[in-house]
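Read through the structure below, which is laid out as structure tokens, and then see the notes.
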Amino acid sequence: MTEGANAKFQKRVFSGIQPSGGLTLGNYLGAIKRFVEMQDTGIETVYCVVDMHAITVWQDPEALRRQTRELAAGYFAAGLNPEKSILFNQSQVSAHAELGWVFNCVARMGWMNRMTQWKDKTAGKDAEKASLGLFAYPSLMAADILVYHATHVPVGEDQKQHVELTRDIAAKFNHDYGVDFFPITEPVIEGAATRVMSLRDGTKKMSKSDPSDMSRINLTDDADTIAKKIKKAKTDAEPMPDLPEMLAGRPEAKNLVSIYAALAGQTVEQVLADYAGQGFGSFKPKLADLAVETLAPISTEMGRLMQDPAEIDRILGLGADRADAIARPIMERTYEILGMVRSRH
Ligand code: AMP
Ligand code: TRP
């Protein structure tokens, strides 16, 4: 992790995932696995279930409640430890929404209009009917990060532009008010699988919202389902090449090799060194074994934790108290910088 312009800020990691559906292998490799690794680097780590982001599109309340607990269970089952990391859900710490509003007044409409996620989510649809919250989504995301003065944000490739916008918002705030108050946050996009693709179409991101369940591996899939999905994954007829460059133009092959590398903790080069010349008929069962070996214990543990939702809520509540203790003073200082009168007595 680089120091960048943030030498004066204590290093702090923040990231979040939306409870808008089940977790996928993309979330695991692109985000959660890396959250766990960063938890053991001695830097303070803050991880959030971003329920306020989820409601930018319609969420059935009962489903949202279940998915929030399921995502928290996924965090714990994958190895996030409430004694090492602060784990909580966003709506319990009101400073996120407060700073989100302030940033709505700092960010410009034009910046939001350029966000590719906004364009993708409204493509082919009537953008007039999208919620105002969906448009302002990146501004709330900037608030999530900056209300902790977070310096590093581990995310998948698809979130890079939002973290860059967070930097722009911090810089504009600092400039407009003549302060050096918010850090210029670094995105941390590392590993072999920062963009896991659909198993049915190597040009599309693996996503919890894809209508085809065969396109993704869910963290709750059982061993047989995982094996079946990998066996049926789209590939080509060529054997495995010797070098990573030779995977160019073979998106499905590249995806499976990258998934293998990320699961095994190897580089793509190492995987190719072992499998060059073999066909996908022999590679896929190996990949399936590796995926089952890694994911089955997580899925079993999630199931166990979900038996006791009150315990999940208790841990999230304790995390929210700790998060609030960091965010509140930063929010109060922000109000002061803005010129808001805050004394009540
Ligand atoms: P979301 O599910 O959109 O809230 O994403 C949560 C985190 O998972 C973000 O850091 C994303 O970048 C990451 N993520 C989601 N899908 C993928 C994917 N297919 N490949 C890699 N990372 C992903
Ligand atoms: N926008 C992120 C996603 O969909 C989720 C998110 C919300 C987030 N706030 C964040 C990620 C802050 C990192 C930091 O993937």
Side-chain angles (χ1 to χ4, degrees), residues 12-36 38 45-57 59 67-68 70-71 74-75 78 88-91 93 96-97 99-100 103 115-118 120-121 133-134 136-167 169-170 185-210 215-219 251 254-255 258-259 261-263 323 327:
R12 185 177 282 141
V13 170
F14 180 93
S15 198
I17 299 183
Q18 301 189 66
S20 49
L23 286 167
T24 69
L25 181 66
N27 295 132
Y28 178 68
L29 294 177
I32 301 180
K33 186 170 189 280
R34 298 169 48 236
F35 296 179
V36 176
M38 292 176 109
T45 42
V46 186
Y47 299 121
C48 188
V49 176
V50 290
D51 49 6
M52 306 275 278
H53 275 105
I55 60 161
T56 56
V57 297
Q59 301 293 331
Q67 286 161 194
T68 298
E70 207 168 76
L71 175 49
Y75 277 176
F88 70 106
N89 60 313
Q90 193 184 23
S91 63
V93 179
H96 291 248
L99 190 60
F103 287 168
M115 292 295 111
T116 54
Q117 184 170 302
W118 161 255
D120 289 350
K121 287 199 172 171
L134 188 67
Y137 178 116
S139 176
L140 179 61
M141 177 162 162
D144 297 339
I145 296 167
L146 294 173
V147 86
Y148 299 96
H149 278 184
T151 52
H152 294 86
V153 176
V155 279
E157 186 63 43
D158 63 324
Q159 294 301 313
K160 187 167 181 223
Q161 195 186 30
H162 288 159
V163 183
E164 281 164 359
L165 185 93
T166 300
R167 296 162 63 92
I169 290 177
T185 306
E186 302 282 341
V188 186
I189 302 169
E190 286 166 357
T194 54
R195 191 169 168 79
V196 178
M197 307 310 277
S198 156
L199 299 179
R200 307 302 305 162
D201 176 352
T203 63
K204 268 184 16 195
K205 189 182 84 160
M206 182 182 286
S207 160
K208 51 189 149 205
S209 56
D210 192 310
S215 71
R216 65 179 156 263
I217 292 174
N218 305 300
L219 247 50
K254 183 169 179 215
N255 190 37
S258 305
I259 292 174
L263 284 170

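Whatever order the structure lists them in is the order used to number ligands and atoms, beginning at 1.
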> Does the side chain of Gln18 come under 3.5 Å of the side chain of Gln67 through a donor N or O and an acceptor N or O?
Replying inline: no
> Looking only at N/O atoms, are Met206 and ligand 1 under 3.5 Å apart anywhere?
Replying inline: yes
> Would you call Val49 and Tyr75 a side-chain contact if the rule is heavy atoms closer than 4.5 Å?
Replying inline: yes
>> How long is the straight-line distance from CG of Leu219 back to CD1 of Ile32, given to the nearest 0.5 Å?
In response: 6.5 Å
> Is any side-chain heavy atom of Tyr137 less than 4.5 Å from a side-chain heavy atom of Met115?
Replying inline: no
> Donor-acceptor pair, Arg12 side chain versus Thr151 backbone, under 3.5 Å?
Replying inline: no
>> Taking 4.0 Å as the limit for heavy-atom contacts, which would you say applies to Asn27 with ligand 1: side chain only, backbone only, both, or neither?
In response: both
>> Quick check on contacts: which atoms of ligand 1 are under 4.0 angstrom from a heavy atom of Gly30?
In response: 21 (C), 22 (N)
> To the nearest 0.1 Å, how far is atom 20 (N) of ligand 1 from its closest protein heavy atom, and which atom is that?
Replying inline: Val196 N, 2.8 Å
> Should Lys208 be counted as touching ligand 1, given the test is an N or O pair under 3.5 Å?
Replying inline: yes
> So which bit of His53 gets within less than 4.0 Å of ligand 1, heavy atoms only: side chain, backbone, both or neither?
Replying inline: neither
Short N or O contacts of ligand 2 with protein, under 3.5 Å, listed by atom name?
residue  : atom   : partner : partner atom : Å
ligand 2 : 1 (N)  : Tyr137  : OH           : 2.6
ligand 2 : 1 (N)  : Gln159  : OE1          : 3.0
ligand 2 : 4 (O)  : Gln18   : NE2          : 3.1
ligand 2 : 4 (O)  : Tyr137  : OH           : 2.9
ligand 2 : 9 (N)  : Asp144  : OD2          : 2.7
ligand 2 : 15 (O) : Gln159  : NE2          : 3.3

> Is there a side-chain contact between Gln59 and Ser20 (heavy atoms, below 4.5 Å)?
Replying inline: yes
>> Out of all atoms in ligand 1, which are within 4.0 Å of some heavy atom of Gly156? Include the element for each.
In response: 10 (O), 11 (C), 12 (O), 22 (N)
> If we only count N/O pairs under 3.5 Å, is Pro154 in contact with ligand 1?
Replying inline: no
>> Closer than 3.5 angstrom, by distance alone: can the side chain of Arg216 be matched with the main-chain N or O of Leu25 as a donor-acceptor pair?
In response: no
>> Closer than 4.0 Å to some heavy atom of Arg195 - which atoms of ligand 1 meet that?
In response: 20 (N), 21 (C)
>> Between Met38 and Tyr47, does the side-chain contact (heavy atoms from CB on, under 4.5 Å) criterion hold? Intermediate values first, please.
In response: CA-CA 11 Å; Met38 292 176 109; Tyr47 299 121; 3.6 Å; yes
>> What's the separation between atom OG in Ser139 and atom CG in Asp144, rounded to the nearest 0.5 Å?
In response: 10.0 Å
> Does Gly26 reach ligand 1 with a nitrogen or oxygen that is under 3.5 Å from one of the ligand's nitrogen or oxygen atoms?
Replying inline: yes
>> Regarding atom 12 (O) of ligand 1: of the candidates Leu29, Asp158, Val155, which has the closest heavy atom?
In response: Asp158
> When you look for heavy atoms under 4.0 Å from ligand 1, do you find them on the side chain of Gln18, its backbone, both, or neither?
Replying inline: both
>> When you compare the side chain of Val46 with that of Phe88, does any pair of heavy atoms fall below 4.5 Å?
In response: yes
> Could you state the interatomic distance from CE (Met206) to CG (Asn255), rounded to the nearest 0.5 Å?
Replying inline: 6.5 Å
> Phe103 versus Thr166: any side-chain heavy-atom pair under 4.5 Å?
Replying inline: no
> Which ligand 1 atoms does Ala31 reach within 4.0 Å, using its non-hydrogen atoms?
Replying inline: 7 (C), 8 (O), 10 (O)
>> Is any side-chain heavy atom of Met52 closer than 4.5 Å to one of His96?
In response: no
> Which atoms of ligand 1 are found less than 4.0 Å from any heavy atom of Thr194?
Replying inline: 20 (N), 21 (C), 22 (N)
